[in-house]
Every structure is written in C-alpha cells, then in structure tokens.
Amino acid sequence: MKPYTMRVVEIIKAIPEGHVMTYGQIAEMAGSRRGARQVVRILHSLSAAHGLPWHRVINSKGEVAIRDDEARYMQILYLQNEGVAVDDQGMVDLEQNQFFPSI
DNA sequence: AAATTGACGGGTG
DNA sequence: CCACCCGCCAATT
C-alpha cells in the first residue's frame with residue numbers, strides 16, 4: 001500500500017465517534033491539497049472491510065455524498081446512531097460535528 | 001502502457 | 001442560492 005494511501009487510512013481511523021471530516025480536509029492532511037478525489041478512490045477500494053469508519057467522511061458542503069441509495073441510507077443511519085444529526089437530505093451540521101485533529 | 005472512473009473542491013458567473 | 005468548469009491523482013480496466 002502506498003504511503004499516501006496509508007496516511008489517508010490513518011487519518012480516517014482517527015476520526016472520533018460522533019464526528020465527521022471532509023474529503024478535502026483528509027486529502028490536505030495526507031499531503032495533497034487538491035486530492036479529495038483520491039480519497040474517494042481510496043475509500044472505494046478499501047470500503048470493504050478494513051474496519052474503517054468510512055461513514056464519518058462527507059463532502060465539504062456537509063452532505064452525505066454517496067450516490068447508491070442503500071449505502072447512503074446506511075451511512076446516515078450509522079451517523080445518527082452515534083449522535084450526529086442528519087436531516088432527510090443527508091445534511092450534517094459541520095459547525096457542530098466536524099473534527100479537527102490537533103496536528 | 002493508456003484510458004477511464006470517481007462518495008470532490010474551489011472558483012466563476 | 002444554483003450550474004458549470006477543470007484540476008487533481010490512485011485504482012481499475
């Protein structure tokens with residue numbers, strides 16, 4: 001696994017329950033300021049197993065970004081189960097739930 | 001080896 | 001607020 005991919009994995013693993021991070025935020029921390037799509041790609045290939053809290057990753061608008069209805073619904077459910085308010089449009093209040101790692 | 005695919009983001013109008 | 005464009009680059013085909 002490439003170093004960049006590993007850093008992305010580590011960052012996602014570090015998101016606490018009840019919090020979310022954005023794709024762009026993760027990409028920037030992993031060292032690629034405009035690498036949000038790479039984060040998406042990585043999530044696609046790793047979503048199966050690996051025990052990653054993939055559901056805590058959303059887009060910069062604060063919206064659940066997954067297209068597939070079933071998976072989207074699951075993500076919303078997971079988030080609500082850990083106390084994150086998600087409305088029926090899949091919108092999360094970033095102000096209240098976004099996680100900012102301390103270095 | 002080359003093209004395609006994305007669960008994106010920031011800028012512009 | 002919305003629609004559109006284009007840069008980004010790992011993984012897959």
Side-chain angles (χ1 to χ4, degrees):
Chain A
M1 196 189 286
K2 290 190 147 194
Y4 178 73
T5 302
M6 259 188 50
R7 288 200 297 280
V8 169
V9 169
E10 291 309 307
I11 292 166
I12 294 175
K13 275 182 9 189
I15 307 175
E17 200 177 299
H19 291 74
V20 297
M21 284 181 76
T22 71
Y23 300 97
Q25 193 188 356
I26 292 167
E28 186 168 358
M29 292 195 122
S32 166
R33 188 159 176 285
R34 298 189 161 67
R37 308 190 69 137
Q38 290 73 277
V39 174
V40 170
R41 199 67 195 79
I42 290 166
L43 250 38
H44 262 271
S45 59
L46 301 184
S47 59
H50 289 83
L52 286 184
W54 56 272
H55 57 280
R56 299 185 188 137
V57 185
I58 62 181
N59 70 23
S60 65
K61 300 195 282 284
E63 179 181 33
V64 168
I66 202 164
R67 309 282 191 87
D68 179 72
D69 284 346
E70 225 172 307
R72 182 188 182 87
Y73 184 66
M74 280 211 329
Q75 179 170 14
I76 293 174
L77 229 55
Y78 278 130
L79 288 173
Q80 291 174 336
N81 279 344
E82 50 185 61
V84 177
V86 187
D87 72 11
D88 53 0
Q89 324 277 334
M91 291 295 288
V92 173
D93 182 2
L94 275 183
E95 293 289 315
Q96 191 175 322
N97 298 294
Q98 186 170 12
F99 176 58
F100 296 99
S102 42
I103 322 310

Summary of protein contacts for nucleotides 8-13 of chain C, nucleotide by nucleotide, where a base hit scores B, a sugar-phosphate-only hit scores S (4.0 Å, heavy atoms):
BBBBS-
Where do A:Arg56 and A:Gly18 come nearest, in terms of heavy atoms and distance?
NE-N, 4.4 Å
With DNA chain B as reference, determine whether A:Arg33 or A:Tyr23 sits nearer its 5' end, using the nearest nucleotide of each.
A:Tyr23
Answer whether the closest heavy-atom distance between the side chains of A:Ile42 and A:Ile12 falls below 4.5 Å.
no
Give me the atom names and distance for the closest heavy-atom approach of A:Ser32 to A:Gln38.
OG-NE2, 4.0 Å
Between B:dA7 atom P and A:Glu70 atom CD, what is the distance in whole Å?
16 Å
Over how many whole Å does the gap from A:Ile26 atom CD1 to B:dA7 atom C1' extend?
11 Å
Kindly say if A:His44 contacts the phosphate of B:dA7, meaning a side-chain N or O under 4.0 Å from OP1 or OP2.
yes
How many whole angstroms separate atom CD of A:Glu28 from atom P of B:dC8?
17 Å
Report the C-alpha distance between A:Tyr4 and A:Val39 in whole Å, list the side-chain angles of each, state the deciding distance to 0.1 Å, and finish with yes or no for side-chain contact (heavy atoms from CB on, under 4.5 Å).
CA-CA 10 Å; A:Tyr4 178 73; A:Val39 174; 4.2 Å; yes
Run the numbers on A:Ile11 and A:Gln25 for side-chain contact (heavy atoms from CB on, under 4.5 Å), then give the verdict.
CA-CA 10 Å; A:Ile11 292 166; A:Gln25 193 188 356; over 6 Å; no
Take the protein atom NZ of A:Lys61 and the nucleotide atom C1' of B:dC8, then report the distance between them rounded to whole Å.
8 Å
Rounded to whole angstroms, how far apart are NE2 on A:His55 and P on B:dA7?
19 Å
Please give, in whole Å, the distance from C:dC1 P to A:Gln89 CD?
13 Å
Count the heavy atoms of every other residue, nucleotide or ligand shown that sit under 6.0 Å from OH of A:Tyr78, and state whether that count exceeds 12.
no
